[in-house]
Amino acid sequence: MAALQARTDAPRYLIGEMVEDVLERLAFLRIEPGRALVVGDWTGDLGRALAGQGFAVTATDPVLAEVPLQEEQPYPEGGFDLAVSLCTLDTVNDLPGALVHLRATLAPGGLMIACFPAAGSLAKLRRIMLAAEPERPAARMHPMVDTRAGAELLQRAGFADPVVDSHALDVRFSTLLGLVADLRAQGLSAALADRAPMLGRPALARAQAEFVALADPDGKLAERFEILTLSGWRKS
């Protein structure tokens, strides 16, 4: 992923959408600048924006950091007034535990915001993969959380005043390979521990035919990303 993102034309629209969403929420809440933890923003855009507002920012990443963060373990630091996680929590094995650790890293009165792809994302790609392997489809996409489950998770983790909502981001693709390349470049592929085998030529041909069948009249396919945002406070 790091090598793919080093390209000047690398796709960053999903993380960019999340960064914009977080900044809009913070502007509405008018939080006083303090210590901020930013997890998963490999563009650095959110950290720079928060630093510009007066926050002292600590940034880390589960994959790209020099010492990768283990989100299912206690964080090495605490006492943050704000903790933001972007595009990572949908792929952890223990999401309730990861949220508990995020809460624990907050100071009393601190706010947590987490954004990640949710249930309903990539519905057309799922159809394409089923068409490619109609008899014995392999598991190629990890399960995703919906808004109802998100609310339950925040309550289990002990957050006060939990808020859960989602919004859609639609992106149009000219080719199936272009869609897959975008997912890889943004770290959105191969999340399952047991990787499915590569598609053979007949299966790939069926997948590309299904892409064409689902495409708009201009030949482009509109795919949807559902972005789930969880937020809550640590009161004590």
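The analysis underlying the following values was restricted to heavy atoms, covering all of them including side chains, and did not include hydrogens, waters or symmetry mates.
E223 CD to L176 CG: the interatomic distance, rounded to the nearest 0.5 Å, is 10.5 Å. Atom OG1 in T60 sits 8.5 Å away from atom OH in Y75 (nearest 0.5 Å). The CG atom of L154 sits 7.0 Å away from atom OG of S231, with the distance rounded to the nearest 0.5 Å. Here I15 contributes atom CD1 and L46 contributes atom CG; the two are 8.5 Å apart, rounded to the nearest 0.5 Å. Taken from CG in L111 to CG in L106, the straight-line distance is 7.5 Å, to the nearest 0.5 Å. For the atom pair CG (D182) and OH (Y13), the distance works out to 3.5 Å, reported to the nearest 0.5 Å.
Of all heavy-atom pairs spanning A83 and L102, the tightest one is CB-CD2, 4.1 Å. Contact detail for D81 and G34: the closest heavy-atom pair is OD2-CA, 3.4 Å.
Counting only residues at least two apart or in different chains, salt bridge (charged side-chain N to carboxylate O under 4.0 Å, His left out) contacts with residues 90-118 are absent. For residues 26-38, the side chain to side chain donor-acceptor pair (under 3.5 Å) pairs, not counting sequence neighbours, are R35-E77. Residue pairs meeting the salt bridge (charged side-chain N to carboxylate O under 4.0 Å, His left out) criterion with at least one partner in residues 169-180, sequence neighbours excluded, are D170-R224, R172-D216, R172-D218. The side chain to side chain donor-acceptor pair (under 3.5 Å) contacts involving residues 107-126 comprise nothing, where partners must be two or more places apart or lie in separate chains.
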**Q.** Test side chain to side chain contact (heavy atoms under 4.5 Å, CB included) applied to L221 and I128, step by step
**A.** CA-CA 11 Å; L221 181 139; I128 289 170; 4.2 Å; yes

Q: Show the numbers, then the answer: is there a side chain to side chain contact (heavy atoms under 4.5 Å, CB included) between L183 and F225?
A: CA-CA 11 Å; L183 296 181; F225 297 87; 3.8 Å; yes

Q | Trace of the side chain to side chain contact (heavy atoms under 4.5 Å, CB included) decision for F116 with L230 | A | CA-CA 9 Å; F116 50 88; L230 312 179; 3.9 Å; yes

Q: Dump the intermediate steps for side chain to side chain contact (heavy atoms under 4.5 Å, CB included) on W233 and V163, then the final yes or no.
A: CA-CA 10 Å; W233 302 80; V163 176; over 6 Å; no

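No donor-acceptor pair under 3.5 Å is formed between the side chain of R206 and the backbone N or O of L130. Under a 3.5 Å cut-off, the side chain of R234 and the backbone N or O of G109 do not form any donor-acceptor pair. A donor-acceptor distance shorter than 3.5 angstrom exists from the side chain of T91 to the backbone of T88, with no hydrogens or angles considered. Remark: the backbone N or O of L14 is paired with a side-chain donor or acceptor of Q186 at under 3.5 angstrom.
E17 and H167 share a side-chain donor-acceptor pair at under 3.5 Å.
Counting heavy atoms from C-beta on, the side chains of L153 and V145 come closer than 4.5 Å. Looking only at side-chain heavy atoms (C-beta outward), F159 and L99 come within less than 4.5 Å of each other.
For Q208, the side-chain hydrogen bond (donor to acceptor under 3.5 Å, both in side chains) criterion is met by no residue, not counting sequence neighbours. Here K220 pairs with nothing under the salt bridge (Lys or Arg N to Asp or Glu O under 4.0 Å) rule; sequence neighbours left out.
No continuous path of hydrophobic side-chain contacts links V100 to I113 [ILVMFWY only; heavy atoms under 4.5 Å].
Ion pairing between D165 and R25 holds under the 4.0 Å rule for side-chain N and carboxylate O.
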